[in-house]
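Have a look at the structure below before the remarks.
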Amino acid sequence: MRAAAAAKRKPVLLADASGVCTSEAYHRWFAALAAGIGGLPAVVVVRTCPDGRAAALADAVHTLRAPATNLLLDVSDVAAPDDAVRLLADADVREAGGFALNVGGYAPDARLTATATTILTRLAASTGRTDYLPLFDTSRNGAEVTGDCNPAGAKTGAWERIDGAGKPQGLWLTTPGISDGPCGTAPRSHRGEFDPELAAALAR
């Protein structure tokens, strides 16, 4: 964080708390993260377990909120826009900077832009705010694929798609080559581990 601030850069942090999964542990984890950020400028994408997600994300909002922190709540695996809006409302999104989509996923830009725009419209109607930042992960969405576990034909997407304020933005939020598990084109790999062959296939 200090090195980024010295270079006048704003780091993007993927705060994946999905391995924590209890309210007490979440709060300790978020408090430690807030201390590490130390009030310096950052974009922070927060992921949690599906169970109790709204309460966990709300805890993240109130613990990590700071003037220089742009806090984004991950709703990548929420299928319907209306469900995502309800979850975000329950998680106190009014106090956050926006939301994230497709973290670790393969959905193409056009589909993500349409989904993000729908969520933005409904959030504006329900919260009165029109300045939320929608950010989606483009690290593995460069080709249409079937399946979501190391699917054949997957490619890296544009590492940065920044189109200006008020529009959905794209960045690599995860590392290409991280396995989804022992499946698809990497049957001997382990979930969450880097597989050089997967990375090479994505980059071809």
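Note that the structure is predicted; figures quoted are calculated from it, not measured. Values below: all heavy atoms of this structure, side chains included; hydrogens, waters and symmetry mates excluded. Quick note: residue numbers are just sequence positions, from 1.
- For residues 23-91, every residue pair satisfying the disulfide bond (SG atoms under 2.5 Å apart) rule, not counting sequence neighbours, is listed here: C21-C49.
- Nearest heavy atom pair, residue A199 against residue P176, reads CB-O, 3.9 Å.
- The hydrophobic cluster around I178 extends to F194, counting ILVMFWY residues whose side-chain heavy atoms fall within less than 4.5 Å of a member.
- Between R129 and L123 there is no side-chain heavy-atom pair separated by less than 4.5 Å.
- Here the options are I37, V43, T69, the test is side chain to side chain contact (heavy atoms under 4.5 Å, CB included), and the partner is L13; only I37 passes.
- At distances below 3.5 Å, at least one donor-acceptor pair connects side-chain atoms of T138 with backbone N or O atoms of A158.
- Y132 is listed as a side-chain neighbour of T127, based on a closest heavy-atom distance under 4.5 Å.
- M1 and W29 fall within the same hydrophobic cluster, defined by Ile, Leu, Val, Met, Phe, Trp and Tyr side-chain heavy atoms under 4.5 Å apart, directly or through other members.
- Of all non-hydrogen atoms in V93 and A89, the two that sit nearest each other are CG1-N, 4.2 Å.
- Here the closest non-hydrogen pair linking V61 and L71 is CA-CD2, 3.4 Å.
- Under the rule for a side-chain hydrogen bond (donor to acceptor under 3.5 Å, both in side chains), T115 has no partner lying at least two apart in sequence or in another chain.
- Looking at every heavy atom in both residues, E95 comes nearest to R65 through OE1-NH1, 3.0 Å.
- Taking 4.5 Å as the limit, every side-chain heavy atom of D137 sits out of range of all side-chain heavy atoms of V45.
- Evaluation of the side-chain hydrogen bond (donor to acceptor under 3.5 Å, both in side chains) rule for T22 yields no partner, not counting sequence neighbours.
- Cluster partners of V145 are Y106, counting Ile, Leu, Val, Met, Phe, Trp and Tyr whose side-chain heavy atoms approach within less than 4.5 Å, directly or via other members.
- Put simply, V103 and L202 are part of two different groups of oily side chains (I, L, V, M, F, W, Y) that touch within less than 4.5 Å, one to the next.
- Applying the side chain to side chain contact (heavy atoms under 4.5 Å, CB included) rule to L171 yields the partners V12, L135, E160, I162, L173; only residues at least two apart in sequence or on another chain are considered.
- Test L57, L120, L133 against F99 for side chain to side chain contact (heavy atoms under 4.5 Å, CB included) and you get one pass: L120.
- Shown here are the side-chain hydrogen bond (donor to acceptor under 3.5 Å, both in side chains) partners of D83, two or more places apart in sequence or in another chain: R86.
- Inter-residue side-chain proximity for V46 and D74 is flagged as unmet; no heavy-atom pair is nearer than 4.5 Å.
- Each salt bridge (charged side-chain N to carboxylate O under 4.0 Å, His left out) pair with one or both residues in residues 5-29, not counting sequence neighbours, would appear here, but there are none.
- For residues 188-200, the pairs satisfying side chain to side chain donor-acceptor pair (under 3.5 Å) are S179-S189, with sequence neighbours left out.
- When all heavy atoms are compared, the tightest approach of N102 to A107 is OD1-N, 3.1 Å.
- Sorted by first and then second residue, the salt bridge (charged side-chain N to carboxylate O under 4.0 Å, His left out) pairs involving residues 101-128 (not counting sequence neighbours) are D82-R122, D109-R161, R111-E144.
- Closest approach of G184 and P187 over heavy atoms only: O-CD, 3.7 Å.
- At distances below 3.5 Å, not a single donor-acceptor pair connects side-chain atoms of N150 with backbone N or O atoms of P182.
- L88 and Y26 fall within a single hydrophobic cluster, where Ile, Leu, Val, Met, Phe, Trp and Tyr are joined by side-chain heavy atoms under 4.5 Å apart, directly or via other members.
- Pairs of residues two or more places apart, or lying in two chains, that qualify as side chain to side chain donor-acceptor pair (under 3.5 Å) and include a residue from residues 48-64 are H27-D59, R53-D77, D59-T63, H62-D92.
- Scanning for side-chain hydrogen bond (donor to acceptor under 3.5 Å, both in side chains) contacts around S23 gives an empty result, with sequence neighbours left out.
- Considering only heavy atoms from C-beta on, I119 comes within 4.5 Å of L101 through its side chain.
- The CG atom of L64 lies 12.0 Å from the CG atom of N70; values are rounded to the nearest 0.5 Å.
- For the pair W172 (side chain) and R140 (backbone), a donor-acceptor distance under 3.5 Å is absent.
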